[in-house]
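Input: a single structure, listed below in structure tokens.
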Amino acid sequence: MSKSALITGVTGQDGSYLAEWLLGQGYRVYGLVRRSSSPNVDRIRHLLDKITLIPGDLLDDNSLVKALEQSAADEVYNLAAQSFVATSWNQPIFTAEVTGVGVARLLEAIRKVNPKIRMFQASSSEQYGAARTTPQNEETPFHPRSPYAVAKAYAHYITINYRESYGLFACCGISFNHESPRRGLEFVTRKITHAAARIKLGLQSELKLGNLRAVRDWGFAGDYVRGMWSMLQQPQAEEFVFATGECHSVEELVATAFEHAGLDWKQHVVTEASLLRPADVEHLRGDATKAREKLGWRPATPFQQLVHKMVDADLQQVRAEMLAGAARG
Ligand code: NDP
Ligand code: GDR
């Protein structure tokens, strides 16, 4: 009988790529979806006849128990979170409840339903925050700089604590930023590539951004989900960093995207004080040596290729929306 996997956050960017990857590996795939007033399955529409959706929420213990029972999961990938850093200052308590305490709820449910379940927790490079050393690896201390990162640090330690307390196979992958054409529109990469496409096609002229100096280690989401899966195939549960080891500033990202669209970014980008964060993370670069050596994991998509792919996808999407709008009259 094939293995069964439950993905929380299946409607998100990573959830959609992970579902594709697990289906390719022969898994029965279940996805936890929270109730919304209208369906929110754009990223997994092409998979709906291949995966089973189970209603539930990280805020609701009982729904997690039921989802584990219904899926008879061998592996659980906890990708669900309030994942937008900027929002976490406006909604710190909600972010702590979902992104932090939600993980304790899931671990408790696993303990109750089947302690043999293997669990992946999506930790974040944001936990390093004002990092003391560069590049960051599994040994680098955390110094979180946002309510989101503080919640993720709690989630990280509670996962390790349940492993040490109860012998669960539960482990954290510490991923640096990873992007794709399926990235949410509010994150800086997609905000930029989508705006470049709209400006190119004459739908807007200006793009407002915050901190252009911030530096990140950006990779392709499709590469990172392979690492998540590999972690749960190991003989022992332990933490791994996933990163490209290359970093670029937001300004370089804008320049790369706009140039690919045939635009001069300086004519369109304005900086806006309201988009600056109360405490930003200025510089992150990851060291994925352990993942390379133990898991054989390597990111396969260089920065420029990633940005070009996102701009091309946005040009295609915006053109299609314009055509559909014209056809509707
Ligand atoms: P997204 O924001 O695209 O997806 C988040 C998912 O979580 C969505 O499916 C969302 O559902 C779901 N969700 C939110 N709240 C709840 C809740 N209360 N109960 C159940 N589901 C909920 O994130 P990504 O795919 O980019 O990231 C996946 C995970 O990895 C997140 O935990 C993120 O914090 C973490 N991470 C991401 C990195 C990145 O660069 N992408 C890097 C490091 C860590 P809905 O569609 O209904 O909103
Ligand atoms: P991040 O991603 O906070 O690293 O979290 P985001 O793309 O939001 O910001 C990256 C950097 O860009 C700067 N920036 C802007 N950001 C946004 N969103 N919008 C802007 O207009 C803008 N202008 C400048 C930010 O200040 C920041 O320095 C992402 C999320 O996926 C988290 O869930 C994940 O844990 C981390 O990556 C790793």
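Order of appearance sets the numbers: ligands from 1, and atoms from 1 within every ligand.
- Using a 4.0 Å cut-off between charged side-chain N and carboxylate O, R105 and D60 make no salt bridge.
- Here the shortest heavy-atom distance to atom 24 (C) of ligand 2, taken over N211, L185, V281, belongs to N211.
- Using a 4.0 Å cut-off between charged side-chain N and carboxylate O, D280 and R216 make a salt bridge.
- The closest protein non-hydrogen atom to atom 7 (O) of ligand 2 is V188 N, 2.8 Å.
- When R213, R277, H283, R216 are checked for heavy-atom proximity to atom 9 (O) of ligand 2, R277 turns out nearest.
- A side-chain contact (heavy atoms from CB on, under 4.5 Å) with K50 is found for exactly one of L23, V29, I44, namely L23.
- Heavy atoms of S125 found under 4.0 angstrom from ligand 1: none, in either backbone or side chain.
- Among F84, Y148, W218, the residue whose heavy atom lies nearest to atom 35 (O) of ligand 2 is Y148.
- Taking 4.0 Å as the cut-off between side-chain N and carboxylate O, E108 and R111 count as a salt-bridged pair.
- Here is the list of ligand 1 atoms found below 4.0 Å of a heavy atom in N177: 40 (O).
- The closest approach between a heavy atom of T8 and any atom of ligand 1 is not below 4.0 Å.
- Proximity of L209 to ligand 2, defined as any heavy-atom pair under 4.0 Å, is shared by backbone and side chain alike.
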